[in-house]
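Structure, as structure tokens:
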Amino acid sequence: MLTPPQVAEAYFLESRHMLLEIAAYLDRYDAAVARGNHSNGNGNAKASNAATAEKKLDVIRRALAITSEAQPTKQRTLTLLELFAAPETKAPNP
Amino acid sequence: MQIIQPHYHAIARTAQDYERMAMSGVVAVAEPAFWAGFDRKYPETFIDYFRQISEFEPTRAAQYGIRHFCWVAVNPKESEDPILTREVLRQMPEFFEKPTVLGVGETGLHKSTKNECDSLEAHVDLAMKHGQLVLIHTPHLADKAHGTRRVLEVLAGMNVDRQRIWIDHVEEQTIRPCLDAGYWVGMTLYPITKCSPKRAVDLLELYGTERMLVNSSADWGPSDPFTLQECVLEYRRRGHSLQEAVEVFHNNPCRFLGQNPKFDIPQIRIDTVAPGSTKPVCS
């Protein structure tokens with residue numbers, strides 16, 4: 001088993017990389033919103049797609065808040081999996 | 001789709017990588033001189049290394065139909081030794097005469113020390129005197145922003161042709177000042193420690209495609225030459241046309257590297273041919 005400094009060292013760059021990818025994902029979303037191309041379709045469909053997209057992003061933002069908790073009451077991964085499995089946030093099955 | 005890998009450390013990679021690159025559309029690679037993982041002590045070691053990348057490596061690439069070009073330099077880590085650097089620089093011009101050497105690179109900064117800055121200046125000066133292209137490495141991770149600023153400061157104090165200089169490994173925090181100053185920039189795709197294929201496409205969408213190069217570097221460390229193909233896929237997946245992809249991943253390397261006439265690969269234009277005809281629908 002690794003010591004705390006070993007864990008911090010071994011997975012630092014990988015975690016940095018994953019955080020940058022998430023930040024880029026959120027920036028990409030904001031840029032798309034700024035360009036105004038939510039999707040094709042009529043007004044109602046566009047509004048519905050925009051609302052669905054915003055809901056997904058909200059789940060990610062909540063997940064980030066859970067991830068950054070310094071002293072969580074239970075494992076962060078467990079809380080995140082519960083969040084992603086909740087009926088209002090669940091992703092469709094492929 | 002034909003693509004060019006403009007920064008590739010071939011001697012650190014296997015023949016299988018060449019084969020798989022050829023099968024995935026790579027028609028040419030350009031190999032900058034690199035750090036060997038340890039600091040070399042002797043100028044002669046560099047000279048043999050330059051012979052390897054300018055004489056032997058093109059023959060290995062040719063077995064897979066890939067054109068191999070290269071650059072020569074003392075890389076930033078080893079340029080901390082000014083005596084070694086001076087001696088290698090003295091012998092570099094003989095390599096400018098080789099048929100596949102495109103210029104001076106990768107020079108640049110690692111920790112941005114005075115010796116490194118002096119070496120960068122000497123490399124760029126030599127390149128300009130001999131009409132060579134320049135490829136500049138910028139530091140990794142936490143040193144990147146400061147090191148890139150220092151690179152720009154060193155170059156600003158020199159009489160250089162900015163269109164012939166490529167500043168490599170830019171990321172979100174360093175791309176704008178390099179482009180604004182008139183240089184070419186490169187985004188290097190690494191699995192973990194540099195830019196990622198998705199982020200590179202974000203930057204292409206944000207800053208446009210002019211004076212932009214994308215490469216995998218791919219050395220002896222954790223790296224992957226196929227992050228470049230991953231980037232092509234991501235670019236196309238976002239709705240950019242085949243011609244737009246060709247402009248970024250083939251024609252831009254032709255535009256920059258082709259400033260040296262030794263790089264003679266022409267740009268590509270995709271045409272659609274009407275059924276039953278050999279003539280393009282439109283040109």
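First the proteins, then the strands, lettered A, B, ... as listed; each starts at 1.
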_Tell me if a side-chain donor or acceptor on K144(B) pairs with a main-chain N or O of Q173(B) at a distance below 3.5 Å._
no
_Exactly one of D81(B), V74(B), N75(B) should register a side chain to side chain contact (heavy atoms under 4.5 Å, CB included) with R40(B). Which one does?_
N75(B)
*Search all heavy atoms of I11(B) against all heavy atoms of E31(B) and return the closest pair with its distance.*
N-OE2, 3.0 Å
*Distance-minimising heavy-atom pair for I136(B) and G108(B)*: CG2-CA, 3.8 Å
*Which atoms of L206(B) approach chain A - backbone, side chain, both or neither, heavy atom under 4.5 Å*: neither
*For chain A, find its close neighbours in residues 215-244 of chain B: heavy-atom separation under 4.5 Å, sorted by number, or none.*
R238(B)
*Among residues 8-19 of chain A, which ones touch chain B with a heavy-atom distance under 4.5 Å?*
L13(A), E14(A), R16(A), H17(A)
*Shortest non-hydrogen contact from R162(B) toward A156(B)*: NH2-CA, 4.2 Å
*Sorted by number, residues from residues 179-204 of chain B in contact with chain A (heavy atoms, under 4.5 Å)*: P191(B), I192(B), T193(B), S196(B), K198(B), R199(B), D202(B)
*At what distance, to the nearest 0.5 angstrom, does CD1 of I165(B) lie from CZ of F256(B)?*
8.0 Å
*Give every residue pair that meets the side chain to side chain donor-acceptor pair (under 3.5 Å) criterion with at least one member in residues 69-78 of chain A, sequence neighbours excluded.*
K74(A)-E82(A)
*Minimum-distance pair of heavy atoms, taken over all atoms of A145(B) and T174(B)*: CA-CG2, 4.0 Å
_From CG (L135(B)) to CG (L213(B)), nearest 0.5 Å_ = 9.5 Å
_Minimum heavy-atom distance L83(A)-V59(A), with the two atoms named_ = CD2-O, 3.7 Å
_Taking every non-hydrogen atom, the tightest pair across V170(B) and C178(B)_ = CG1-SG, 4.2 Å
*Answer yes or no: is there an ion pair linking D39(B) with K77(B), defined by an N-O contact shorter than 4.0 Å?*
no
*Counting only N and O atoms by type, is there a donor-acceptor contact under 3.5 Å from the side chain of N252(B) to the main-chain atoms of T209(B)?*
yes
